[in-house]
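The figures here come from the full heavy-atom set of this structure, side chains too, leaving out hydrogens, waters and symmetry mates. In what follows, chains are A, B, ... by sequence order, proteins preceding strands, each numbered from 1.
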Protein chains: 2
Amino acid sequence: MLRLSKLTDYAVVVLIRLSHGEAVQTSPGIAAGIGLPEPTVAKVLKALAYSGLVSSQRGARGGYRLARALSAIPITDVVAAIDGPIALTACVEGSGAGCEAECTCPVRGRWDLVNDAVRQALARITLADMDRSAPRAHARAAAQQPDALALTLISAE
Amino acid sequence: MLRLSKLTDYAVVVLIRLSHGEAVQTSPGIAAGIGLPEPTVAKVLKALAYSGLVSSQRGARGGYRLARALSAIPITDVVAAIDGPIALTACVEGSGAGCEAECTCPVRGRWDLVNDAVRQALARITLADMDRSAPRAHARAAAQQPDALALTLISAE
DNA sequence: AGCAATCAGGACTTCTGCGGTCCGATTACA
DNA sequence: TGTAATCGGACCGCAGAAGTCCTGATTGCT
């Protein structure tokens, strides 16, 4: 269905929340703030910490802290942190497995084209673009890629 | 995950196969041609027929026929036919359900940005671009987006 | 030094929906 | 009109995600 996991959705919310208020926030605190079950939020935070999007501080008065500014975090990084590398199909180069119909498969290697296109699309959008509360001079990521995005927007209709 | 279903993968192979050889081909025939289980291929073809990507002819000497040229079928259409409309998250506008944290959710509606970006990325690639056997004057979609694709290919490594 | 608070990591259960299979409806041909 | 070939829709099993819980390690405070 080309759907990204709910956890990734949560991750975005968590990261944006983390960018507001106190610099360092605890897992239960964040969970309460966004109205999500605490264990789930904790799970997301662990994954984010593991991949370096947030830094963690253990012990009393510890918590999580945003490692970079929202504008420096593209969506791809969040997806990669939660769902692993972006690979739309099982047939990605280097998966090793290899489908049985490899010889006759007329799209061998072609999916990379699609994967990269999606990757690029997601890499252009940062968390700052996702934050409703943030003031944004340019309505969307468009302003940053005049060339590519112009085409994008034109062909949208 | 951000993974599209295997059925979609099959659909692309099936459609490309359908563009070669006889104009009208049967479900078992295609299955044999690409080395995939027949019932699965049949299922894919049904979905494709329902959404109008192929036209079906029932009865003896019936089969499926490509409704449009490969170059007129963007990947989005195939994905939409198999997996339904492209909506990466449950929080898409108009899903009705609405998450419980709707009021406090800081990304309300912002996912549309991402959805549209992906949609457009996929809309740019047609099945003709996926067909290895096809002669292509313009090697790939790249020719149409020199800027974006150049980046793509470089960052592929 | 002891205690409390917090993160880290894993195992486990539940459940959605993908992937695969089957049987009935429809149509052309003889 | 009968028959055979083909499409159309319904059904079921299973993998993987989503969510929960528990135990242990680390650190600040008293």
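A:Leu53 places its CG atom 17 Å from the C1' atom of C:dC7, with the value rounded to the nearest Å. Taking atom CD1 on B:Ile30 and atom C1' on D:dA5, their separation rounds to 15 Å, with Å as the unit. The distance from atom CZ of A:Arg65 to atom P of C:dC7 is 12 Å, rounded to the nearest whole Å. Rounded to whole angstrom, the span from the CZ atom of B:Arg61 across to the C1' atom of D:dT6 amounts to 12 Å. Rounded to a whole Å, the OH atom of B:Tyr50 is 12 Å from the P atom of D:dG8. Atom CD1 of B:Ile82 is separated from atom C1' of C:dG20 by 14 Å (rounded to the nearest Å).
Using a 4.5 Å cut-off on side-chain heavy atoms (C-beta onward), B:Leu15 and B:Met130 make no contact.
Comparing atom distances between the A:Ala60 side chain and each of C:dA8, C:dG19, C:dA5 picks out C:dA5 as nearest. In the set C:dC7, D:dA17, C:dA8, C:dC7 carries the atom at the smallest distance from any side-chain atom of A:Thr26.
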Using nucleotides 21-24 of chain C, report all nitrogen or oxygen pairs with the protein that are shorter than 3.5 Å.
none

Produce the list of close N/O pairs, under 3.5 Å, pairing protein atoms with atoms of nucleotides 13-15 of chain D; give distances to one decimal.
none

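With A:Val13 as the partner, the side-chain contact (heavy atoms from CB on, under 4.5 Å) test is satisfied by one option alone out of A:Ile30, A:Ile34, A:Val41, A:Thr8: A:Ile34.
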Side chain to side chain contact (heavy atoms under 4.5 Å, CB included) between B:Asn115 and B:Asp112, worked out: CA-CA 5 Å; B:Asn115 285 326; B:Asp112 291 342; 4.0 Å; yes
Test salt bridge (charged side-chain N to carboxylate O under 4.0 Å, His left out) applied to B:Asp131 and B:Arg17, step by step: CA-CA 9 Å; B:Asp131 188 1; B:Arg17 170 79 190 182; over 6 Å; no
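A:Leu45 comes within 4.0 angstrom of no nucleic acid atom, judged by non-hydrogen atoms across all strands. Looking at heavy-atom distances under 4.0 Å, A:Tyr64 makes contact with sugar-phosphate atoms alone, never a base.
For A:Ser56 and C:dT6, the shortest distance from a side-chain N or O to OP1 or OP2 is not below 4.0 Å. OP1 and OP2 of D:dT6 both lie 4.0 Å or more from every side-chain N or O belonging to B:Gln57.
For A:Asp129 (side chain) and A:Thr126 (main-chain N/O), a donor-acceptor pair under 3.5 Å exists by modelled atom type. No donor-acceptor distance shorter than 3.5 angstrom exists from the side chain of A:Gln120 to the backbone of A:Ala117, with no hydrogens or angles considered.
Closest-nucleotide positions on DNA chain C for B:Leu7 and A:Pro28 were compared, and the one nearer the 5' end corresponds to A:Pro28.
Linking Ile, Leu, Val, Met, Phe, Trp and Tyr residues whenever their side-chain heavy atoms come within less than 4.5 Å leaves A:Val14 and A:Val24 in two separate clusters.
A side chain to side chain donor-acceptor pair (under 3.5 Å) check over residues 45-67 of chain B, counting only residues at least two apart or in different chains, returns nothing.
A salt bridge links B:Arg119 to B:Asp116: one of the charged nitrogens lies within less than 4.0 Å of a carboxylate oxygen.
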